[in-house]
Visitor: 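Dropping a structure here in structure tokens format, bear with me for questions.
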Amino acid sequence: MIYHVKKIKTLKKIIKVLEENTILEVDSEWGADDALHSIQFGTDQNQYVLDCKKLHPNWKSIVQPLLISDHTLKLFHFVKSDALTFKKNGLLLKNTYCTHIAEKLIYSGQTKKKGFFSLGGLCKRYSGYEINDKKEDQQDIYLNGLKTYKNIRYAAYDVLHLKKIFAKQIIKLNSLNYINLSNIQDIDTLVGLENRVVHALVEMEFNGFKADLKRLAQADNQVLLEQKELVNKINTLAAKVLEVDKIDINWNSHKQKLAFLRLIKPDLENTQSDTLLLYRNTHEIFSLLVKYNKLSKLRSSFTNKFHRFADENDFIHYEINQLVSTGRMSISNPPMQQIPQRSEIGAFIRSCFVPEEGHKLITADWSNAELRLIADLSNEEDWIKTFEDGLNLHDVMCQKVFNIPLEDIKKPADFNPDTTYRDTIKRFNFSLAYGAGVYKIMEILSSTRKKAEAMLELYFSNARNVLKFLNATATQALEKRYTETPFYKRRRYYNRKRNITPKEANEIIREAKNHPIQGTNADQLKRALVVIYEDLKFKKVVILQGLKMILPLHDEFIGSAPEYKAEQVAEYIVNVMEKEATAITNRLFMKADSDIKDFWEK
């Protein structure tokens, strides 16, 4: 039965009934101003639609205890959207289970048709019921609220099937060792981790990152100027190739760019930067077009768009995608993690992001996180000892691979005087974490395939366990078509076709080598975010009051705190990050560092 709740007296009675349930289905509807139109609760027998517009303003204080109750598990579909709206309306959520997150975990890395992960898709698969998912009904409520019984019934149906989906999902999740059935919120399980960290991500999306929009406009002008200068150089070179005085090529057009470059390299497959880099020694124009591609992406993704995502107080609000295929998070609208790290313009863009007045910006990350994880997962004793002794892995490997003393590692390399021995090894080390193959090594060395293969052999002769680990991971991926992280057993699935091409096999190998490393690193950051958020919001840790959680970026935490206690907050964050990361390694301590600044620098 559907109950339309409009009076506080009725609400109080219903809340008492709902509090007796250990599991509830929950959903919400809201309007253009993010104000809640309704919150829906579902039990085995009934659906309760709370009409937030008609209830007395103190309805929130009556509902809030249930929303954070540890006794009652709240089932949602796509909880992040509801939680963000709740947050904007002054409400917190805790002890939730999201059917969308669960389905993403079950099918991680698999390509599915549009709608597969929607509530309608789940209902059809798990309960055999096709829900009314008409956009016009949803739009009607969005614009007008609960004006008709049709609106109320539409809202109620969203809490009619979640329990059935939950009951069947947990069977699958249990078979994958993703869930503790006696404690759904167990942080040592994948389901517990992901269903708790989502609320920390909501907090970060809500807070946003304060930006100096005037300086960002300067950055856009600078990029545009560099782009114009680069186009002039490219046009000059292209004119010489064509033996003409003037050319008219749109360098943003893949078709026109490819047609021209095939005059130089007839078998060129595409104009992606990774491909162009392979031919940078063929003609200067290849390198210049790589730079042009980067500047074009910089404008289209960042400098020309940031102001669109700013609120009235100049805070940029982004979307945090909780689950990419490796388990890592990604940032979109705008894609903050894609701001270039090793360029002057990238550094300038970062400097445009600042803490609010009276605060300091705190950044914290792990020292050589991915390399520490490779050492730990592969049980490479020399690497582990290097880290335990507080030495620098790049320095140690450089001396071993090139057989040179420590004082020579920063000298120009004999095979490429434009770089040093140490920089070469550093790029080698980090490329490993991304599953790099021989083509990447050719790029690093600016060499032939034969020389790159010889260098790989020399490198791995000094890291045999690392090679065994990477090869074993690749073999598992090709045989089973999935890989797992060691602690959470987080799976990433690959191309499931029986017969795959050599190109597809190489792609699987590259992604597979990367997954246990990046997946574990993602789990470490998520654990830390859960602890920081829950200490801030529910345990009310005194030192954390005033902390603003801002952004998770790769393996980095970004936040801000009142200036007078920024050092204490930074110390707390480092301790949490070290403890939570080390909790899921085999034996190696995960060292973290922090920085306190007046702007985003790293």
Side-chain angles (χ1 to χ4, degrees), residues 215-242 244 246-306 334-352 412-413 415-420 423-424 426-428 430-431 434 436 439-448 452 554 601-602:
R215 292 196 77 218
L216 279 174
Q218 292 174 19
D220 187 51
N221 291 335
Q222 180 62 33
V223 172
L224 186 59
L225 182 62
E226 289 184 26
Q227 198 174 31
K228 287 180 178 178
E229 291 176 353
L230 196 56
V231 167
N232 289 336
K233 291 180 181 178
I234 293 170
N235 285 341
T236 300
L237 289 173
K240 289 181 180 179
V241 172
L242 296 172
V244 296
K246 189 177 181 181
I247 65 162
D248 184 21
I249 296 177
N250 178 6
W251 298 110
N252 289 319
S253 166
H254 165 75
K255 187 177 181 180
Q256 292 184 39
K257 190 159 46 177
L258 185 62
F260 169 78
L261 290 175
R262 279 180 173 168
L263 296 174
I264 304 172
K265 187 69 179 174
D267 58 347
L268 187 69
E269 292 183 3
N270 57 62
T271 60
Q272 294 176 4
S273 293
D274 287 347
T275 303
L276 298 183
L277 278 171
L278 296 175
Y279 304 106
R280 61 185 174 185
N281 293 330
T282 305
H283 195 286
E284 184 184 355
I285 201 166
F286 285 94
S287 295
L288 293 181
L289 284 171
V290 170
K291 292 179 181 178
Y292 180 81
N293 288 348
K294 288 180 179 179
L295 290 175
S296 296
K297 184 175 181 180
L298 200 57
R299 284 209 77 219
S300 63
S301 298
F302 306 109
T303 61
N304 196 32
K305 284 188 175 180
F306 271 126
M336 302 289 286
Q337 82 277 13
Q338 293 180 18
I339 298 174
Q341 291 186 324
R342 298 179 183 88
S343 70
E344 288 185 16
I345 191 64
F348 184 84
I349 292 172
R350 280 182 167 77
S351 72
C352 297
F415 50 83
N416 183 1
D418 292 333
T419 188
T420 67
D423 285 343
T424 301
K426 185 176 181 179
R427 293 186 68 189
F428 252 73
F430 285 119
S431 294
Y434 291 89
Y439 288 109
K440 182 64 178 178
I441 305 308
M442 286 169 64
E443 177 194 327
I444 292 173
L445 298 175
S446 298
S447 72
T448 62
H554 302 306
E601 185 173 318
K602 191 170 182 178

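Atom set for the values below is all heavy atoms of this structure, side chains included, hydrogens, waters and symmetry mates excluded.
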Visitor: For Asn293 versus Ser273, what's the shortest heavy-atom pair and its separation?
Guide: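 The answer is ND2-OG, 3.3 Å.
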
Visitor: Checking Ser351 now: which residues fulfil side-chain contact (heavy atoms from CB on, under 4.5 Å) with it, not counting sequence neighbours?
Guide: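 With neighbours one apart ignored, the set is Arg215, Phe348, Phe599.
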
Visitor: Under the side chain to side chain contact (heavy atoms under 4.5 Å, CB included) criterion, do Gln272 and Leu276 qualify, and how do the steps go?
Guide: CA-CA 6 Å; Gln272 294 176 4; Leu276 298 183; over 6 Å; no

Visitor: NZ of Lys294 to CG of Leu230: how many Å apart, nearest 0.5 Å?
Guide: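 Rounded to the nearest 0.5 Å, the NZ-CG separation comes to 11.5 Å.
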
Visitor: In Å and rounded to the nearest 0.5 Å, what is the CD1 to CD1 distance from Ile234 to Ile249?
Guide: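 Ile234 CD1 to Ile249 CD1: 10.0 Å, rounded to 0.5 Å.
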
Visitor: Using side chain to side chain contact (heavy atoms under 4.5 Å, CB included), reason through Gln256 and Trp251 one step at a time and then give a plain yes or no.
Guide: CA-CA 7 Å; Gln256 292 184 39; Trp251 298 110; over 6 Å; no

Visitor: I'd like to check Leu298 versus Gln227 (side-chain heavy atoms, cut-off strictly below 4.5 Å). Are they in contact?
Guide: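 When only atoms from C-beta onward are counted, Gln227 and Leu298 do not touch, as no gap falls below 4.5 Å.
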
Visitor: Could you please spell out the steps behind the side chain to side chain contact (heavy atoms under 4.5 Å, CB included) verdict for Leu261 and Leu289?
Guide: CA-CA 10 Å; Leu261 290 175; Leu289 284 171; 3.8 Å; yes

Visitor: Can you tell if the side chain of Ile247 reaches within under 4.5 Å of the side chain of Phe260, non-hydrogen atoms only?
Guide: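 Of all side-chain heavy-atom pairs linking Phe260 with Ile247, none is under 4.5 Å.
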
Visitor: Regarding Thr420 and Asp423, is there a side-chain donor-to-acceptor distance under 3.5 Å anywhere?
Guide: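 Yes, side-chain donor-acceptor contact under 3.5 Å.
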
Visitor: Would Asp267 and Arg262 count as a side chain to side chain contact (heavy atoms under 4.5 Å, CB included) if you check the C-alpha gap in whole Å, the side-chain angles of each, and the deciding distance to 0.1 Å?
Guide: CA-CA 7 Å; Asp267 58 347; Arg262 279 180 173 168; over 6 Å; no

Visitor: Measuring from Lys257:NZ to Asn252:CG, what's the distance to the nearest 0.5 Å?
Guide: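 Interatomic distance, Lys257 NZ to Asn252 CG, rounded to 0.5 Å: 7.0 Å.
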
Visitor: Using modelled atom types only, decide if a donor and an acceptor are shared between the side chain of Arg350 and the backbone of Pro340 within a distance under 3.5 Å.
Guide: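 Yes; at least one donor-acceptor contact below 3.5 Å.
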
Visitor: Would the distance check show the side chain of Thr275 and the main-chain N or O of Thr271 forming a donor-acceptor pair, the cut-off being under 3.5 Å?
Guide: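 Here the side-chain-to-backbone pair does not exist.
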
Visitor: Is there a donor in the side chain of Lys240 and an acceptor in the side chain of Asn235, or the other way round, less than 3.5 Å apart?
Guide: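 There is no such pair (donor and acceptor under 3.5 Å, judged by atom type) between the side chains of Lys240 and Asn235.
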
Visitor: Ignoring hydrogens and angles, write down the donor-acceptor pairs under 3.5 Å from the side chains of residues 216-224, residues two or more places apart or on other chains.
Guide:
{"residue": "Asp220", "atom": "OD1", "partner": "Arg299", "partner atom": "NE", "Å": "2.9"}
{"residue": "Asp220", "atom": "OD1", "partner": "Arg299", "partner atom": "NH2", "Å": "3.3"}
{"residue": "Asp220", "atom": "OD1", "partner": "Thr303", "partner atom": "OG1", "Å": "2.7"}
{"residue": "Asp220", "atom": "OD2", "partner": "Arg299", "partner atom": "NH2", "Å": "3.0"}
{"residue": "Asn221", "atom": "ND2", "partner": "Ala217", "partner atom": "O", "Å": "3.4"}
{"residue": "Gln222", "atom": "NE2", "partner": "Glu226", "partner atom": "OE2", "Å": "3.1"}

Visitor: Kindly indicate whether the side chain of Pro412, heavy atoms from C-beta on, has any atom under 4.5 Å from the side chain of Thr419.
Guide: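 Pro412 vs Thr419: side chains apart.
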
